[in-house]
Structure formats: C-alpha cells, structure tokens
Colleague: 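Shown below is the structure under consideration.
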Amino acid sequence: MTSARRRSYGVKGAPYAFLLPATVLFALFFALPIGYAVWLSLHKVKVSGLGLGAGARKEVWAGLENYTGSLTDSELLAGALRVLGYGCIVVPVMLGLALLFALMLDSEKVRLAPFTRLAIFLPYAIPGVVAALLWGFLYLPSVSPFYYVLDALGLPQPDLLDGGPLYGALSNIAIWGGTGFNMIVIYTSLRAIPAEVHEAAKLDGATPLQTALRIKIPMVAPSLVLTFFFSIIATLQVFNEPTTLKPLTNSVSTTWSPLMKVYRDAFGTGDIYRAAAEAVIIALATLVLSFGFLRAANRRNRQDARQGGAR
C-alpha cells in the first residue's frame, strides 16, 4: 500500500475515530441500560416450593405479562393522572413567567439587567432536592416563619402539604426552579433578533406591547417550542419534589408519581421485573407525547410558511 493511499484511508477514518469515544459512552451508559431494562421487563421470577434452597427461584420468560399488569395497575394510572394535573399547572405558568421575564429583560428601559438575569436564573442552579427541602421547610406549619407571621396577624394558616393545595406546593417548587432556565433560552432568542426589525417597528409607530406581541413572540416561537418540549419531559419524570416532601406529609404516597411507583416496585417490594416494564411504558409514553408535539409544531410551521409565501 502506497503512502498516499494510507493517508487517504487515514483522512476517511478520522471522523469515525473522533466519534468512537462518544459511541462507546452512548452504548455503555444509554443503549445498554435500555436494552437490559427491556430484557428484564420480559421476564419474571418463578418460585418453586417454599422458595428455599438452590434452584428454588428461577428467572423465566414472561412475555407481555408485566406490561399488561402495569397497564391495568390502578396505582400507576392514578399516579399518571396526578402528574397530568401537576403538569397542567407547571408548564403554562412556568413558560408564561419565563416569556414575561425575557420580554422585560429585552426592553430598552430595563435597569440592572445582568443582576436581574442572574437573580432569575439562580434557582435553576440549586439542586432539586435542596430546593424541595428549602420549600418544605417553608411549607411545614410547625417551623415555617410564614405561619408565625400569619398567626401574629390573625390570618388563617392553610396547610399547603395536605389535599388540593399540595399540587400548588409541588408546582411552585418546579416553577421556581425551572423558570430561569427557560427564560435564558427565550431571552437568547430575543437578543438574536436583528436591530433593523426593532427600528422598523419604531418607525411604524408600534408600541412596546405591540412589538412584543406581533414581532418578538412570533420570532421566538422555535424557542417556545423547545422549552415546552423540555418542560413536558421534565413533568413526566417528576420524582425529586414529591419524594423529598413525602416524609413531611401523609398526602404524598410512595406511588404519587409514576417514577415513584417504579422506585417503590424496584427497591421497596423487590419486583424489578414489573418496575422495568413500568419504566419502559413511561419512556414510550414520553417518546410518543414528545414526538407528537414536535410533529404538530412542525406541521404548524409549514402551514405558516406556506401562508407567508402565498402573501
């Protein structure tokens, strides 16, 4: 083989060499665990006799038995409904606040913009468990300083960790922690709008509110779609907040969310096979919802593009 041919092979193989480390990491820490979870979900343990002695417990093929059992599990379905209600609060409020803060920071009249950006983004840098503990302390009637103030003023002291208010308490933690990240994403898109667009709006006599509603928001629509997509995934995977608040109240069960149900089955009752099936179902539901939302958003963008071209 000539030196020129070896150099040619080396140039062609360079991209694959650069991709190899990422491919290995992807296979070891993503593809392999998913494959193992799917494999576990299709098996179960068969106990012979009293379950004592060697060979008394065998791993056998279960087919779709774990999946059918999970899909008919009332606890898993109830957890999914609770997460749905939780998401109906978190997603619109969090993205609405993120958009509002981004528009305010993009205004020409805003002062101390760097400090304000940092103050809004800072809660996102706090780990979820720490944030849940912090808010749990503020929610707990026996130690919360807010309850002492309400008591001194003679005002009612609602228990935010019991009944219906629990949804608002959990949602508040997620909104407080996630608004800053979404705000930064939207604000970055706002800063990328050309200055000529703003100047043209001023020449046309558009007010700041009209500029925001008719120019800025439509132009950052892709960022809104992205943040909505991330918010859906985070909502379906809620785990830290209810798990951290569980020791503080009896209103949060071990199966409050689907992921808590998976954790309980895997490490509480020891049924790792049913837990694997539940995890696969949650992953598939997340994939279907995310793909459906992205497809609907792309279809809407294509329709808008065709309407714009027709004009």
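All figures in this text were calculated on a predicted structure; none of them were measured in a lab.
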Colleague: Enter the distance from Thr286:OG1 to Gln237:CD here, rounded to the nearest 0.5 Å.
Modeller: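 Thr286 atom OG1 to Gln237 atom CD measures 5.5 Å (nearest 0.5 Å).
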Colleague: Could you work out the complete set of other residues in the hydrophobic cluster of Leu103, with links drawn between I, L, V, M, F, W and Y side chains under 4.5 Å apart?
Modeller: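 When side chains under 4.5 Å apart are linked, the cluster holding Leu103 also contains Leu99, Ile186, Leu190, Ile193, Val197, Leu209, Leu213, Ile215, Ile217, Met219, Val220, Leu224.
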Colleague: Under 6.0 Å from the CZ atom of Phe121, do we count more than 12 heavy atoms belonging to anything else shown?
Modeller: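 Result for CZ/Phe121: enclosed.
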Colleague: Is the backbone N or O of Thr207 less than 3.5 Å from a side-chain atom of Gln210, with the two atoms forming a donor-acceptor pair by type?
Modeller: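 Yes, the answer is positive, given that a donor and an acceptor are paired below the 3.5 Å cut-off.
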Colleague: Using a 3.5 Å distance criterion without hydrogens, assess whether the side chain of Asn66 forms a donor-acceptor pair with backbone atoms of Ala62.
Modeller: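 Absent.
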Colleague: Fit a plane to each ring of Trp39 and Tyr36, take the angle between them on a 0 to 90° scale, and name the class: parallel (under 30°), tilted (30 to 60°) or perpendicular (over 60°).
Modeller: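 Trp39 and Tyr36: parallel rings.
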Colleague: Verify, without hydrogens or angle tests, whether Thr249 (side chain) and Leu161 (backbone) share a donor-acceptor contact under 3.5 angstrom.
Modeller: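 Here the side-chain-to-backbone pair exists.
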Colleague: Considering only residues two or more places apart or on different chains, which pairs with a residue in residues 130-143 satisfy side-chain hydrogen bond (donor to acceptor under 3.5 Å, both in side chains)?
Modeller: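 For residues 130-143, and leaving out neighbouring residues, the side-chain hydrogen bond (donor to acceptor under 3.5 Å, both in side chains) pairs sorted by first residue read Tyr139-Asn172.
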Colleague: So, taking the atom named OH in Tyr167 and the one named CZ in Arg82, what distance separates them when rounded to the nearest 0.5 Å?
Modeller: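 It is 6.0 Å, given to the nearest 0.5 Å.
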Colleague: Can you sort out the partners of Phe26 under ring pair (Phe, Tyr, Trp, His ring centres under 6.0 Å), two or more places apart, ordered by chain and number?
Modeller: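 So Phe26 forms a ring pair (Phe, Tyr, Trp, His ring centres under 6.0 Å) with Phe30.
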Colleague: Are Leu84 and Ile173 connected into the same hydrophobic cluster when the rule is that any two of I, L, V, M, F, W, Y join if their side-chain heavy atoms are below 4.5 Å apart?
Modeller: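 As far as the 4.5 Å side-chain criterion goes, Leu84 and Ile173 are not connected within one cluster.
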Colleague: Looking at CE of Met260 and CD of Glu75, how far apart are the two atoms once the value is rounded to the nearest 0.5 Å?
Modeller: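 Spacing of CE (Met260) from CD (Glu75) equals 11.5 Å.
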Colleague: What is the distance from atom CZ of Arg191 to atom CG of Leu105, rounded to the nearest 0.5 Å?
Modeller: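 Arg191 CZ to Leu105 CG: 9.5 Å, rounded to 0.5 Å.
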Colleague: Step by step, would you call Lys261 with Asp73 a salt bridge (charged side-chain N to carboxylate O under 4.0 Å, His left out)?
Modeller: CA-CA 10 Å; Lys261 175 72 162 54; Asp73 192 332; 2.9 Å; yes
Colleague: If the plane angle is over 60° it's perpendicular, under 30° parallel, otherwise tilted; pick one for Phe293 and Phe228.
Modeller: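 Ring orientation, 0 to 90° scale: tilted.
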Colleague: CG of Asp159 to CG of Leu140: how many Å apart, nearest 0.5 Å?
Modeller: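 One gets 8.5 Å once the value is rounded to the nearest 0.5 Å.
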Colleague: Ignoring hydrogens and geometry, is there a side-chain-to-backbone donor-acceptor pair from Arg264 to Ser253 under 3.5 Å?
Modeller: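 Not a single qualifying donor-acceptor pair exists.
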Colleague: For Ser144 and Pro141, indicate whether the former's side chain and the latter's backbone hold a donor-acceptor pair under 3.5 Å.
Modeller: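 No, Ser144 side chain to Pro141 backbone: no donor-acceptor pair under 3.5 Å.
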Colleague: Classify the ring geometry of Phe181 against Phe230: parallel below 30°, tilted from 30° to 60°, perpendicular beyond 60°.
Modeller: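 Aromatic pair Phe181/Phe230 classed tilted.
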Colleague: Are the side chain of Thr68 and the backbone of Glu65 linked by a donor-acceptor contact shorter than 3.5 Å?
Modeller: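 At least one qualifying donor-acceptor pair exists.
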Colleague: Between Ser41 and Tyr67, do the side chains contain an N or O donor and an N or O acceptor separated by less than 3.5 Å?
Modeller: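 Present: a donor and an acceptor within the cut-off.
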Colleague: Mind checking the OH-OG spacing from Tyr187 to Ser223? Nearest 0.5 Å is all I need.
Modeller: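 The distance works out to 13.5 Å.
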Colleague: Assess the side chains of Ser251 and Asp162: does a donor N or O sit below 3.5 Å from an acceptor N or O?
Modeller: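 Per modelled atom types, Ser251 and Asp162 side chains form a pair under 3.5 Å.
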Colleague: Counting heavy atoms not belonging to Phe239, are there more than 12 under 6.0 Å from its CZ?
Modeller: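 Atom CZ in Phe239 is crowded, with more than 12 foreign heavy atoms closer than 6.0 Å.
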